[in-house]
Amino acid sequence: MNLELFISKKITISKKGGGNISHPIISIAKISIALGIAVMILAVAIVTGFKSEITNKVIGFGSHIQITNYDNNSSFETNPIEKNAISVSSIEKIPGVSHIQSFATKPGILKTKSDIQGIVLNGIGKDYDWSFFKNHLVEGKTIQLTDSTKSNDILISEKLSNLLQLKVGNKLSVYFIQQPPRVRSFTVAGIYNTGME
């Protein structure tokens, strides 16, 4: 006979038919195990959902894959690469690739009449996929881009708009950190909130 089965039968089955002291203890143990397993399943589900949500937000800001210049540059501004050096048509043929777009990053200092804040500005082209920002837009609209003219509109986070008391339609200046320093004026077109904090 199996030793574990023998011991469990001795504990749970009373030969006298009543007054078994182990019965309430076993019932409490069963309930405790069931609650423990339920809490573990719930914790795993919450962590998995949290991980999925964070992944979607990080990918929404960037992408699954970014092709950048390979160098030892550890600043927020990467050296540009020639777009024609990459075979875009061959990348589009890869299964799972849904969209390709160009981007540029540049650090700067955002200045209003009374406040300043350091930022990393993301430059985009007319082929930019706005679906992520449209889902997280709190106020305003996305930027309309054309081939012929550059836009002076900018999207900012709700946290940044609260820090600098900015609203849609407000003007601001961005000072780019380069030699010599360069300044450019923008108008707030939209405010987004992703909850990444």
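Sequence positions, counted from 1, serve as the residue numbers for this chain.
- Within 6.0 Å of CD1 on Ile65 lie no more than 12 heavy atoms contributed by other residues, nucleotides or ligands.
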Please tabulate, for side-chain N and O atoms in residues 169-179, each donor-acceptor pair with protein atoms closer than 3.5 Å (sequence neighbours left out).
from, atom 1, to, atom 2, distance (Å)
Asn170, OD1, Lys167, N, 2.5
Lys171, NZ, Thr187, OG1, 3.1
Gln178, OE1, Lys106, NZ, 3.2

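- Cluster annotation: Ile33 and Met40 are assigned to the same hydrophobic cluster (Ile/Leu/Val/Met/Phe/Trp/Tyr, side-chain heavy-atom contacts under 4.5 Å, transitive).
- Ile46 and Ile54 end up in different hydrophobic clusters when Ile, Leu, Val, Met, Phe, Trp and Tyr side chains are linked at under 4.5 Å.
- Side chain of His64 to backbone of Val97: no donor-acceptor contact under 3.5 angstrom is found.
- Legend: residues meeting ring pair (Phe, Tyr, Trp, His ring centres under 6.0 Å) with Phe186, ordered by chain and number and at least two apart, are absent.
- Residues Trp130 and Thr142 come closest through the heavy atom pair CE3-CG2, 3.6 Å.
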Identify every side-chain donor-acceptor pair in residues 88-96 under 3.5 Å, counting partners at least two apart or on other chains, and give the distances.
from, atom 1, to, atom 2, distance (Å)
Ser90, OG, Ser87, O, 2.8
Ser90, OG, Ser87, OG, 2.8

Residues 111-121, side-chain donor-acceptor partners within the protein, below 3.5 Å, at least two apart:
from, atom 1, to, atom 2, distance (Å)
Thr112, OG1, Asp115, N, 3.1
Thr112, OG1, Asp115, O, 3.2

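- Of all heavy-atom pairs between Ser161 and Ile156, the closest is CB-CD1, 3.6 Å.
- Residues Phe50 and Val58 share a hydrophobic cluster, clusters being chains of Ile/Leu/Val/Met/Phe/Trp/Tyr side chains in contact below 4.5 Å.
- A chain of hydrophobic side-chain contacts below 4.5 Å, direct or via other Ile, Leu, Val, Met, Phe, Trp or Tyr residues, connects Ile124 to Phe133.
- Closest approach of Arg184 and Ser151 over heavy atoms only: NH2-O, 2.8 Å.
- Between Asp153 and Ala189, the closest heavy-atom pair is CB-CB, 3.7 Å.
- For the side chain to side chain contact (heavy atoms under 4.5 Å, CB included) test with Tyr192, the passing option among Leu160, Leu155, Val138 is Leu155; the others fail.
- Of all the heavy atoms in Val168 and Gly190, the pair that sits closest is CG2-CA, 4.3 Å.
- Evaluation of the side-chain hydrogen bond (donor to acceptor under 3.5 Å, both in side chains) test over residues 34-63, restricted to residues two or more places apart or in two chains, returns none.
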task: Quick one: do Phe132 and Ile59 satisfy side chain to side chain contact (heavy atoms under 4.5 Å, CB included)? Show the steps, please.
output: CA-CA 9 Å; Phe132 175 77; Ile59 290 167; over 6 Å; no
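- One hydrophobic cluster holds both Ile191 and Leu110 under the rule that ILVMFWY side chains link at heavy-atom gaps under 4.5 Å.
- When the side chain to side chain donor-acceptor pair (under 3.5 Å) test is applied to Arg182, no partner is found at least two apart in sequence or on another chain.
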